[in-house]
Amino acid sequence: MNYKYQIRLRNIFRAVYLSMAYVFFFFSVNGQTIVRGSQARITSPDKHLVLEFYQKSAPGNKKTMCYSVSYKDKSVIRESVLDLQLDNHLSESAMALKIDQHEKWCENLAVTGIDSTAKDTSWKPVYGEKSMIRDHYNALTIKMVKDDHPIYKMNVEIRAYNEGIAFRFFFPENEKGTYYRIVTENTTFSLPPDTKAWVARWAQAPYQKLPLSNWQGESERPLTLELPNGLYACLAEAQMVDYARTKFKLSNTGPNTIVTSMDGAADLISPVGTPWRVIMVAEKAGDLIQNNNLILNLNEPGKIKDTKWIKPGKIMRVMSQTTADAKANIDFAAQHNLQYILFDWKWYGPAFSFSSDATKVAIPNFDLPGIIRYGEEKGIGVWLYVNQQALVAQSDSLFAVYQKWGVKGVKFGFVQVGSHRWTTWIEKAIQQAAAAHIMVNIHDDWRPTGEQRTWPNLMSAEGIRGNEEMPDATHNTVLPFTRYIAGAADYTICYFDKRIKTTHAHQLALAVIYYSPLQTLYWYDKPSAAHNEPELEFWDKIPATWDETRIIQGKPGEYITTTRRSGKDWFVGTITNNDPRSLKLALDFLPKGRKYLATLCADNAKVSTVTHVGMEKLKVDSRTVLDVSLAASGGQAIYLTPEINP
C-alpha cells in the first residue's frame, strides 16, 4: 500500500469518525434537556434557568466551546467561551508521545457523546445555616476527544440547579499516563451592558461597586453582580482543592466581559476535574445568601465517619497570655455561655521563625496543661494559634500532640495561598488535623470553596475585612452579599473596644447576620471591660449553628435583616450602613397561631450604660410588624422564644 493511499484512507476514517461524533438525536429528561449534535440545552428543575452549550467553527477547522445562560428569558450570561490552555510537552516528550502543536489546546475537540442525568436528594450537615440541604439538579456530561490525539479525552460537566449553574472540565484517566499542566483557564462571562460588580482586590480588601470597565488587577471570588434587568448574579468557585486559586479580571478583547484568572499553573494527574465555576442567579440579592448551600453541594460528601468531636461554638481570645488571665477568660466564657478560648500567636515563640517549636510553651507564667484542665472543669475548650512556619515543619506530628494535650482546635495563621502548591498543602493539613480530632480555623487571605462539607472539622476561615481592620457600617452591609456566599467567615466581632466604627447594637446583630460555626466574640476585649451590660444576654443565648436561615430584606451596601432559627427559638439581626434608616420588619416567618416573647436590643442614646443599648420585651406573633428605627451605623438584635403557655 503506497504512502499517499495510506494518508487518503486515514483521512476517510477520520472523517467517518468525526461525522459519527456529531450524529445525535434530540432527547429530553422530564423536558429539561435537549441535545443535537454538538449542541445541548439544559434547564434547571424549576425551568427558570437555561444554559445553552455549542461549538463555533472558525477557519482551519478550529472550534470554540461556547455557552450562554438565561433566567426567565432574561439574559444573564451572553455568548461566552469555555476554554483551557494546557502545556503537556514535557510529559509528552518524556513518554515519547506525540507533541500537541495546537495554538489553543481546545480548538480541535470533537464531541463524541452527551449524557444526561438528574438528581434530587437531601443530606444533613454536621452543622450549618440549615439542618437539611437539598441537592437537586439536572446534569449534562459532554464527552470530547482531540481529533488528532485520541489519548486526550475531556468532559465538560454541567449542572443546572434552581439556585444557579455550575460547570467544570474533567479529564478521564489517560491511557498513556501522561500528566496535565493547565497554564491558564480562559473561561469568560459576558454580562449585559451596565452590569455592576462588588469588587475586592484581595480577600481582606474593602469592596467597591464598579462597572465592568477599568478595573485594576483582579477581583476576589465570590463576585456579586447587579444586572440592569433587575437580576442579581454571583460568580463563585467550588471544590478548589487540587488546583490554583482562580480570581476574576476584565477581558481585554470584549466589553462587559469577565475572564477567569489563575494564580499560576496547576499540575494534575488524571482522572481529575477542575474546580466548579458557579453562576448563581436570583431576583433578590438576599436569595444569593439563602442559596449558598449550592457551593457545598458541589463538593464531595463528608469523609469523617465519627463527627461527635466536631462541636460548633463561640470563642474569645485571651489578650494577655498568662495563667491568671487565661483562667479569668475561662470564667468569663463560662458565665456568658461561650464554648472556647483562643491563645493567639507567639505563645510558642517567634511565629515567623522555623526555629520555634509549636509543642513547647515559650512564655513565662503560662501553665498550659493547668489551663486546659481548668477549662475542662468549666466546660471550656482551648484553641491554639500556629503560624504557617510551624505548620509546615511540624504538621505530620503536631496535631497528634495537641490531641494528647486536650486541645480542641488550631487556628492556622499567615498561610500562603493561591498557588497549586499551597492549595494542596492546606487541604492536606485540614485532613491531618481531622485524623487527630482537631478542628481548624484558617486565617488571613484564604477563602473556603465548600470543602467544609467534605472535611467538617474546617469550622471557619478569615478571608474577610473584619474587625482586625475596624471597617465601617457600610462595608458590613456588603459582606453578607459577597464574602459570606462562600461560607463561614471569622469576622472577629468586637464589643467594648473603642475603635469600632459602628454602634454596639450593630455589633450585637452581626452575630446573627454573619455565619460562623466558630463565632469569635469579644475580639480585642477583656473580661474586665464588661460590667454586666444586660444586652449581652443576646450573645449569651445565641447559638453558632442553625436549623433554618432566611434573609428578610436587604440591599448590598445599604441594609440587611437576617433571621435564623435554632429549635423553636428565632434570632433576628438588622444593620444599616453609615446612614440612619427606618424599616418595617414583618414577623411572618413565625409559626402561625403561636405567641412569642421578643427581647429587642437597640441603640438608645438615653440609656445610661457605656454601650447605650436599650432592651425591650414584647409579645408578638406572625401577624406582628415592627417599626425599626436605626441610628447611623446602627443595628437591632431580637431574640424570640415561644411563650410557655401560649
Side-chain angles (χ1 to χ4, degrees), residues 53 55-56 58 60 62-67 77 79-93 99-109 142 144-146 149 152-158 166-171 174 178-191 197 199 201-202 212 215-223 235-270 272-279 416-424 447 449:
F53 171 90
Q55 283 184 302
K56 294 184 70 174
K62 296 179 180 179
K63 304 180 186 70
T64 301
M65 292 183 291
C66 297
Y67 77 100
I77 304 294
E79 181 175 275
S80 299
V81 174
L82 296 169
D83 183 69
L84 290 173
Q85 186 64 24
L86 282 78
D87 182 1
N88 294 349
H89 78 276
L90 290 178
S91 178
E92 291 164 343
S93 299
I99 306 295
D100 184 81
Q101 300 290 341
H102 290 274
E103 180 181 0
K104 295 185 176 180
W105 196 88
C106 295
E107 68 186 14
N108 69 318
L109 287 170
I142 301 166
M144 314 182 85
V145 65
K146 287 179 76 69
H149 213 337
Y152 283 124
K153 298 177 176 63
M154 187 186 80
N155 299 338
V156 177
E157 299 181 350
I158 304 170
F167 52 78
R168 71 172 181 177
F169 305 98
F170 185 86
F171 297 95
N174 191 293
T178 190
Y179 305 129
Y180 293 79
R181 181 173 176 81
I182 299 176
V183 292
T184 56
E185 185 174 332
N186 303 312
T187 294
T188 65
F189 307 85
S190 181
L191 282 303
V199 176
R201 315 230 180 265
W202 67 97
L212 303 187
W215 290 3
Q216 298 297 318
E218 303 171 324
S219 179
E220 258 291 355
R221 74 279 189 268
L223 178 61
L235 306 182
E237 184 174 44
Q239 203 182 20
M240 204 284 288
V241 298
D242 186 12
Y243 208 68
R245 179 186 59 196
T246 303
K247 294 186 180 182
F248 299 107
K249 64 182 180 182
L250 292 179
S251 170
N252 56 14
T253 59
N256 304 304
T257 299
I258 295 167
V259 62
T260 51
S261 180
M262 289 177 62
D263 191 323
D267 293 293
L268 308 173
I269 301 174
S270 65
V272 66
T274 65
W276 292 94
R277 305 294 161 221
V278 185
I279 306 166
Q416 178 81 303
V417 298
S419 69
H420 188 199
R421 173 194 177 184
W422 291 117
T423 296
T424 55
R447 285 184 171 181
T449 58

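Remember, predicted model here, so these are calculated numbers, not experimental data. Basis for what follows: all heavy atoms, side chains included, without hydrogens, waters or symmetry-related copies.
Proximity of Met144 to Gln55: side-chain heavy atoms (C-beta onward) are separated by under 4.5 Å at one or more points. Looking only at side-chain heavy atoms (C-beta outward), Trp105 and Asn108 stay at 4.5 Å or farther from each other. Looking at Phe248 and Leu235, their side chains come closer than 4.5 Å, going by heavy atoms from C-beta outward. In this structure, the side chains of Ile258 and Leu191 come closer than 4.5 Å at one or more pairs of heavy atoms. Under the 4.5 Å side-chain criterion, counting only non-hydrogen atoms from C-beta, Ile182 is in contact with Leu268. Between Glu157 and Trp276, the closest side-chain pair of non-hydrogen atoms falls below 4.5 Å. Side-chain contact between Thr260 and Asn186: absent, with no pair of heavy atoms (C-beta onward) separated by less than 4.5 Å. Two residues are said to be in side-chain contact when any heavy atoms from C-beta on lie closer than 4.5 Å; Cys66 and Leu82 fail this criterion.
Between the side chains of Glu185 and Tyr243, at least one donor N or O lies within less than 3.5 Å of an accepting N or O. With hydrogens and angles left out, the side-chain atoms of Asp242 and His420 include a donor and acceptor closer than 3.5 Å. In this structure, a donor-acceptor pair under 3.5 Å is present between the side chains of Arg277 and Thr246. With 3.5 Å as the limit, one finds a donor-acceptor pair spanning the side chains of Ser261 and Glu218. Donor-acceptor pairing under 3.5 Å is lacking for the side chains of Ser190 and Ser80. For the residue pair Tyr152/Asp100, the side-chain donor-acceptor check at 3.5 Å is not satisfied.
By the neighbour-count criterion of 12 heavy atoms within 6.0 Å, atom NZ of Lys146 is densely surrounded, having more than that number from other residues, nucleotides or ligands. Heavy-atom neighbours of Tyr179 OH from other residues, nucleotides or ligands within 6.0 Å: at or below the threshold of 12.
Under 4.0 Å is where a charged nitrogen must lie from a carboxylate oxygen, and between Arg245 and Asp263 at least one such pair does.
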List the steps, then state whether side-chain contact (heavy atoms from CB on, under 4.5 Å) holds for Arg221 with Thr449.
-> CA-CA 9 Å; Arg221 74 279 189 268; Thr449 58; 4.0 Å; yes
Does the salt bridge (charged side-chain N to carboxylate O under 4.0 Å, His left out) test come out yes or no for Asp267 and Arg181, once each step is laid out?
-> CA-CA 5 Å; Asp267 293 293; Arg181 181 173 176 81; 2.8 Å; yes
Using the salt bridge (charged side-chain N to carboxylate O under 4.0 Å, His left out) rule, take Arg447 and Glu237 through it: C-alpha gap first, then chi angles, then the decisive distance, then the call.
-> CA-CA 10 Å; Arg447 285 184 171 181; Glu237 184 174 44; over 6 Å; no
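Annotation: the span from Ile142 atom CD1 to Phe169 atom CZ amounts to 10.5 Å, rounded to 0.5 Å. Between atom OH of residue Tyr67 and atom CD1 of residue Ile279 there is a gap of 4.0 Å, rounded to the nearest 0.5 Å. The distance from the CG atom of Asn88 to the NE2 atom of His149 is 8.5 Å, given to the nearest 0.5 Å. With values rounded to the nearest 0.5 angstrom, Lys56 atom NZ is found 8.0 Å from Thr64 atom OG1.
Here the shortest heavy-atom pairing between Ala197 and Leu212 reads CB-CD2, 4.0 Å. When all heavy atoms are compared, the tightest approach of Ser270 to Phe171 is CB-O, 3.7 Å. Between Ala244 and Gly264, the closest heavy-atom pair is CB-O, 3.5 Å. Shown here for Gln85 and Lys104, the closest heavy-atom pair between the two residues is OE1-CA, 3.5 Å. Between Ala265 and Val183 the shortest heavy-atom distance is CB-CA, 4.1 Å. Closest approach of Leu223 to Ser219, counting heavy atoms only: CD1-OG, 3.4 Å.
Checked options Met262, Arg168, Met240; the residue passing with Thr274 is Arg168 (criterion: side-chain contact (heavy atoms from CB on, under 4.5 Å)).
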